Amino acid sequence: MPPPPFVAGLFGWRKGFPTCADKDSVASVGIATGVMNRLGVAHTATGPLDPGSALENGLADWLRAELPLLDPTREWVVDKGRLVSTFEQYAHLERVRDLLDEEGTLRAEMGGPEDYLIKPDVTVGIRIKTADVLHACISSKWTIRSDRVQNVRHEAVMLIRHRRGRQPHIVAVTAEPLPTRLASIARGTGEVDAVYHVALDELMKATEEVGTVHQKQALNELVTQNRLLNLNTLPSTLVI
C-alpha cells in the first residue's frame with residue numbers, strides 16, 4: 001500500500017544523513033536510507049526546513065480531503081493546535097482552568113491551568129448542530145525521542161481522564177525509522193489506540209534488508225499485534 005501523496009516530499013538529506021534519522025545511530029541511518037530509497041527520494045533533495053510542521057500540515061490537509069469522500073454524511077472539522085476545551089466533551093475544562101487561575105489553593109492541589117490547555121497537533125471533529133464533538137486526536141511526531149513519548153502519553157491520559165462523553169480516537173503518527181524507538185510508544189497499556197507510520201511498507205522492507213535481529217523482532221511484534229499501522233489506513237478507521 002503506497003503512502004499518502006504528500007509523504008515523499010517530507011523527506012530529505014542534510015549533510016549526507018536522512019532528515020528522519022539519528023545520525024549517531026548506524027541502524028537508524030541505514031533503515032532511514034532504505035525507506036527513502038524506496039520512496040524515490042533523490043539524494044539531492046533536502047526536504048522541508050521543518051519536517052515536523054510539514055507533517056502536521058500534510059496530515060491535516062490530507063484528512064480534510066479524504067474524510068468527506070469516505071463519509072459525506074458527517075460534517076468533518078479538521079484543525080491544527082485547537083484547544084480540546086472547544087469541543088463538547090471537554091468544554092468543562094475551560095471553567096476548571098478559570099478556577100485554577102482564580103484560586104491558589106486549587107492550583108496547589110490540582111496543578112496549574114496549563115495542564116488543562118491540551119492542544120493536540122491535529123484534531124478531527126464532527127459538527128453536530130452548533131457543537132463540535134472531538135472524534136480524534138492525532139499526535140504528529142516526525143521522529144521519536146524519550147521526551148516526545150512522555151508528551152504523547154501525558155496528553156492521552158489527560159484526554160481519557162477528563163472527557164465527559166465519548167472518548168475520541170487517540171493516535172500517533174510518525175516517520176521514525178528505528179523499530180525499537182517506535183516500540184517505546186507503540187507498546188504499553190494502550191494510552192494511544194495505535195501508532196501510524198507514514199511509510200510502513202517501506203520501513204518493513206528496509207528493516208528486513210539492513211536491520212539487526214533485535215530491530216526485526218521489535219518491528220514484527222508491533223506489526224503483528226496491530227500496534228503499528230500503515231498511515232493510509234487511518235481515514236478508513238476514523239469513519240467507522
Side-chain angles (χ1 to χ4, degrees), residues 1-67 69-70 78 80 121-122 138-145 148 171-183 185-186 194-220 222-224 226-238:
M1 182 182 293
F6 72 91
V7 165
L10 301 173
F11 291 87
W13 302 83
R14 303 279 170 79
K15 298 181 179 180
F17 294 99
T19 53
C20 63
D22 178 353
K23 62 182 179 61
D24 295 321
S25 167
V26 173
S28 178
V29 171
I31 295 172
T33 299
V35 169
M36 290 169 58
N37 286 341
R38 285 171 172 79
L39 288 173
V41 180
H43 282 257
T44 55
T46 57
L49 189 61
D50 184 351
S53 293
L55 175 57
E56 289 181 27
N57 291 330
L59 277 171
D61 291 342
W62 178 59
L63 290 173
R64 284 191 195 104
E66 288 293 310
L67 293 174
L69 295 176
L70 293 172
V78 181
K80 287 178 52 192
D121 296 322
V122 178
I138 303 170
S139 289
S140 171
K141 307 302 177 194
W142 178 242
T143 57
I144 298 296
R145 301 293 183 269
R148 295 171 189 169
V171 305
V173 174
T174 186
E176 171 62 47
L178 207 56
T180 47
R181 289 188 178 170
L182 290 166
I185 181 60
V195 176
Y196 289 80
H197 197 278
V198 300
L200 182 57
D201 290 352
E202 291 77 9
L203 176 69
M204 292 172 66
K205 291 172 183 175
T207 302
E208 182 61 32
E209 184 177 286
V210 301
T212 65
V213 171
H214 187 40
Q215 299 296 340
K216 292 176 184 177
Q217 289 174 340
L219 185 58
N220 182 66
L222 299 179
V223 172
T224 56
N226 290 326
R227 298 298 296 159
L228 184 65
L229 304 174
N230 195 313
L231 178 58
N232 249 336
T233 66
L234 179 58
S236 59
T237 298
L238 295 183

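What you are looking at is a predicted structure, and each value in this text was computed from that prediction instead of being measured. We use all heavy atoms of the structure for the numbers below, so side chains are in, but hydrogens, waters and symmetry mates are not.
- Residue pairs meeting the side chain to side chain donor-acceptor pair (under 3.5 Å) criterion with at least one member in residues 5-21: none, sequence neighbours excluded.
- A distance of 9.5 Å separates OG1 in Thr174 from CD1 in Ile185, rounded to the nearest 0.5 Å.
- Taken to the nearest 0.5 Å, the CG atom of Leu222 stands 10.5 Å off from the CE atom of Met204.
- Closest non-hydrogen pair, Gly12 versus Met36, comes out as O-CE, 3.2 Å.
- Counting heavy atoms from C-beta outward, Cys20 and Trp142 have side chains that approach closer than 4.5 Å.
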Side-chain donor-acceptor contacts of residues 194-201 below 3.5 Å, not counting sequence neighbours, with atom names and distances?
{"unit_1": "His197", "atom_1": "ND1", "unit_2": "Ala199", "atom_2": "N", "d": "3.0"}
{"unit_1": "His197", "atom_1": "NE2", "unit_2": "Glu176", "atom_2": "O", "d": "2.8"}
{"unit_1": "Asp201", "atom_1": "OD2", "unit_2": "Met1", "atom_2": "N", "d": "2.6"}

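- Residue pairs meeting the salt bridge (Lys or Arg N to Asp or Glu O under 4.0 Å) criterion with at least one member in residues 44-55: none, sequence neighbours excluded.
- Note on residues 26-47: pairs passing side chain to side chain donor-acceptor pair (under 3.5 Å), not counting sequence neighbours, are Asn37-His43, Arg38-Glu209.
- The shortest distance between side-chain heavy atoms of Ser139 and Val173 does not fall below 4.5 Å.
- Across all their heavy atoms, Ala186 and Arg227 have their closest contact at O-NE, 2.7 Å.
- Looking at Phe11 and Pro51, their side chains never come closer than 4.5 Å, going by heavy atoms from C-beta outward.
- Side chain of Asn220 to backbone of Lys216: no donor-acceptor contact under 3.5 angstrom is found.
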(message) Show, in sequence, the C-alpha distance, side-chain angles and deciding distance for Leu219 and Thr180, and conclude whether the side-chain contact (heavy atoms from CB on, under 4.5 Å) test is met.
(response) CA-CA 8 Å; Leu219 185 58; Thr180 47; over 6 Å; no
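- Contact record, Asn232 with Pro4: OD1-CG, 3.6 Å, taken as the closest heavy-atom pair.
- Heavy atoms from other residues, nucleotides or ligands lying under 6.0 Å from NZ of Lys205 number 12 at most.
- Considering all non-hydrogen atoms of both residues, Glu202 and Pro3 come closest at OE2-CD, 3.7 Å.
- Atom CH2 of Trp62 and atom CG of Asn57 lie 15.0 Å apart (nearest 0.5 Å).
- In this structure, Leu69 places its CG atom where more than 12 heavy-atom neighbours from other residues, nucleotides or ligands lie under 6.0 Å away.
- A donor-acceptor contact shorter than 3.5 Å is absent between the side chain of Gln215 and the backbone of Leu178.
- Remark: Lys141 pairs with Asp121 by the salt bridge (Lys or Arg N to Asp or Glu O under 4.0 Å) rule, at least two apart or across chains.
- Residue pairs that meet the salt bridge (Lys or Arg N to Asp or Glu O under 4.0 Å) test with at least one member in residues 16-33, sequence neighbours left out, are Asp22-Arg181.
- When every heavy atom of Val41 is checked against every heavy atom of Ala45, the shortest pair comes out as CG1-CB, 4.0 Å.
- With rounding to the nearest 0.5 Å, the separation of CG in Leu234 from CG in Leu229 is 9.0 Å.
- Taking both residues in full, the closest heavy atoms of Val78 and Ala60 are given as CG1-O, 3.7 Å, listed atom of the first, atom of the second, then distance.
- Counting heavy atoms from C-beta outward, Leu231 and Leu59 have side chains that approach closer than 4.5 Å.
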